[in-house]
Amino acid sequence: MPSKTTSLIHHPYAPPAGFSAPQPGVHKASTVIFPNTATMRARNWRDKSGYTYGLHGTPTTFTLEQRIATLEGGLHTLLLPSGLAAIALVDMALLKSGDELLIPDNAYGPSKELARNELKRWGISHRFYDAMDPQSLASAMSPATKLVWLEAPGSVTMEFPDLAALVQLAQSRDVLTALDNTWGAGIAFNPFELGVDISMQALTKYASGGGDVLMGSVTTRDEALYARLKLTHMHIGFGVAANDAELVLRSLPTLAVRYAAQDRVGRTLAQWWAQRREVVQVLHPALAASPGHAQWSELSGSAAGLFSVVFDERYSAEQVDAFVDALKVFKIGYSWAGPVSLVVPYDLAAIRSKPAWRGALVRFSMGLEAVDDLIADCEQALAKLSSSR
Ligand SMILES: *Cc1c(COP(=O)(O)O)cnc(C)c1O
């Protein structure tokens, strides 16, 4: 008989099989225990046929990977500790010294900073192109171009590009394409039907939906590409915590209804803003006056609950900040797709090489509050804006 101390660690009781519940169990491991050395040697971390080490996958992370692959319409998914880490994985796995990377000028800002600061040090160059002008991509491509990032719509300014045209251009030169599909979330359209090689998401946004998890995913349909991504993923030691994977698994069943609900509220509010004389432009792909509306309508009928407004130039950045500070239901904070409606003021001149508007821009992301309360909040804060003139 082993001692009580040892029995607390090595206990013979095994629960009966056949447990079934709405959510899968959560498995946590750094160490994975092998029944014998032969099994240990036979197992391979490269495929999902068995378990070798926590970093290389557990039943919990494999389950989440497969669900995200299904959501994206892909074959294989890798999980990363953040959306930005997912972008970094794609860049690091597919590029080497001497290669060139093309990024939309309106891409997620930190993706551009990664290219400017880190990739550059490793001898990987980059160029920014105007995603709204396929000709701009065509002329940016060179024999050194090995990867083209796509994003629809653009971050903050929300221009919706002709994704199919951009993908075709890259394909015609045998250049790989990776789409940041955080906004579409696997709901708005199917990225692989457009022919992209990789779809990446910040699961931090819609897949989590709670404002309490950071996670990213990289999905592909291509076995060889998956093998390359998996190798770099393993070499760098990217992994996600079981509890975080659990939170995302818990949120996935409500993803489609949350997406639709925030879409509805987002459009209602965007249309409300379009009637206001304080703003010169409302940026939401479902609005006819928003850049890329036609491309969006052709590809999809749905949209994330996210839009931006550009204030008339007669309002100073300080006045617009005062409007943002006066909001009560909308909280000031980055990220989106959680339960709390959020707002962020942006300086267009700082984030775009050729800003299309001169006034101050404010981005709104819809939470799950009642739409009337969100409108009333904007209205009372706007009253402060006019009175501060
Ligand atoms: C938030 C976001 C990211 C990065 O995700 P993190 O998990 O915050 O690192 C990448 N792309 C887009 C479009 C995003 O909105």
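Worth saying up front: this structure is predicted, and the values here are computed from it rather than measured. One-based numbering, in listed order, for ligands and for the atoms of each.
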Are side-chain N/O atoms of Q380 and D377 paired as donor and acceptor at under 3.5 Å?
yes
L84: numbered ligand 1 atoms lying under 4.0 Å from its heavy atoms
4 (C), 5 (O), 6 (P), 9 (O)
One finds that the ligand 1 atoms under 4.0 Å from a non-hydrogen atom of E151 are 13 (C)
Which atoms of ligand 1 sit under 4.0 Å from any heavy atom of T204?
6 (P), 7 (O)
Taking only heavy atoms of K205 into account, list the atoms of ligand 1 that are under 4.0 Å away from them.
1 (C), 2 (C), 3 (C), 14 (C), 15 (O)
With atoms numbered from 1 as shown, which atoms in ligand 1 lie under 4.0 angstrom from a non-hydrogen atom of G83?
4 (C), 5 (O), 6 (P), 7 (O), 9 (O)
Are the side chain of S290 and the backbone N or O of L287 linked by a donor-acceptor pair below 3.5 Å?
no
Do E223 and H76 have a side chain donor and acceptor closer than 3.5 Å?
yes
Would you check if the distance from the ring center of Y129 to the ring center of W149 is below 6.0 Å?
no
Using atom types as modelled, flag every donor-acceptor pair under 3.5 Å from a side chain in residues 355-362 to any protein atom, sequence neighbours excluded.
residue, atom, partner, partner atom, Å
W357, NE1, Q281, OE1, 3.4
R358, NE, E313, OE1, 3.0
R358, NH2, E313, OE1, 3.3

Looking only at protein heavy atoms, identify the closest one to atom 11 (N) of ligand 1 and say how far it is in Å.
D180 OD2, 2.6 Å
Quick check: does A202 get an N/O under 3.5 Å from an N/O on ligand 1?
no
Going by the atom numbers of ligand 1, which of them fall below 4.0 Å from some non-hydrogen atom of W336?
15 (O)
Quick one: does any side-chain atom of K146 pair with a main-chain N or O of L94 as donor and acceptor, under 3.5 Å?
no
Criterion ring-ring contact (aromatic ring centres under 6.0 Å, His included) against W183, the qualifying member of Y108, F160, F307
F160
Below 3.5 angstrom, do we get any N/O pair linking S155 and ligand 1?
no
